[in-house]
Amino acid sequence: MAIRLGDDAPNFTAETTEGTINFHDWLGNSWGILFSHPKDYTPVCTTELGTVAKISPEFKKRGVKVIAVSVDPMDSHKGWIHDINETQKTTMNYPIIADPDKKVATLYDMIHPNAIDNMTVRSVFIIGPDKKVKLTLTYPASCGRNFDELLRVIDSLQLTSKYKVATPANWKDGEECIITPAVSDAEAQQLFPKGFTTVKPYLRYTPQPNR
Ligand code: BEZ
């Protein structure tokens, strides 16, 4: 069954390239990103895994743990990591789940047989410290994901979990935010001492509250 926003992120125990993990225990109080790869030793996946290794300080800075999953077995993952490191000029620094029995892929509905058989599509789940699913994203196998966009979403999720704001189209960290409609103007004056601009009664901008 499809996983929807606000659902509990299903827990599992799995073998990974960094040892056996219980997913929820491994997450601890961190935010998490679980992302799937159709197959080992494939070109797009190789670039994706290398890209995430290179920008791992950005995830760390935001308190996000990253874990990949592919339905190929451990031996295959271990050999592939050499290629990822070599071709992407990086060092893998987060675990890849070996999921040959497709336990995790099935639990997270990552196999879409009408798109590709027997492999996962490119799924992403962002999971909050409360273990609830905050974002789901599904890309076709042919299109590598934009990990800058995932960092942007993390920034938005972390901001909106603390302040009564939402973030507009193409927002980036540091830019103006939108005051959520449930907040009255009187409350907004208390909550946003930097002030706000009313374009329409339902469209009010305020500087990013934590900047
Ligand atoms: C790739 O990662 O390059 C890939 C994987 C499965 C199907 C198509 C492309």
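Since this is a predicted model, take the numbers as computed values, not measurements. First listed ligand is number 1; within each ligand, the first listed atom is number 1.
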Take Arg152 and Asp173 through the test side-chain contact (heavy atoms from CB on, under 4.5 Å) and record every step on the way to the result. CA-CA 7 Å; Arg152 192 188 77 88; Asp173 191 37; over 6 Å; no
So Phe35 and His37, would you call those rings parallel, tilted or perpendicular, with 30° and 60° as cut-offs? perpendicular
Test item: Pro38 and Arg122 side chains (from C-beta on) under 4.5 Å apart, heavy atoms: yes
Ligand 1 N/O to protein N/O, distances under 3.5 Å:
| residue | atom | partner | partner atom | Å |
| --- | --- | --- | --- | --- |
| ligand 1 | 2 (O) | Thr42 | OG1 | 3.0 |
| ligand 1 | 2 (O) | Val44 | N | 3.2 |
| ligand 1 | 2 (O) | Cys45 | N | 2.9 |
| ligand 1 | 2 (O) | Arg122 | NH2 | 2.9 |
| ligand 1 | 3 (O) | Pro43 | N | 3.3 |
| ligand 1 | 3 (O) | Val44 | N | 2.7 |

Classify the ring geometry of Tyr41 against Trp80: parallel below 30°, tilted from 30° to 60°, perpendicular beyond 60°. tilted
Take atom CG in Asp25; do more than 12 heavy atoms of anything else shown fall under 6.0 Å from it? yes
Begin with the C-alpha distance, continue with both residues' side-chain angles, and end with the deciding distance and a verdict on salt bridge (charged side-chain N to carboxylate O under 4.0 Å, His left out) for Asp8 and Lys132. CA-CA 4 Å; Asp8 289 325; Lys132 303 276 186 204; 2.7 Å; yes
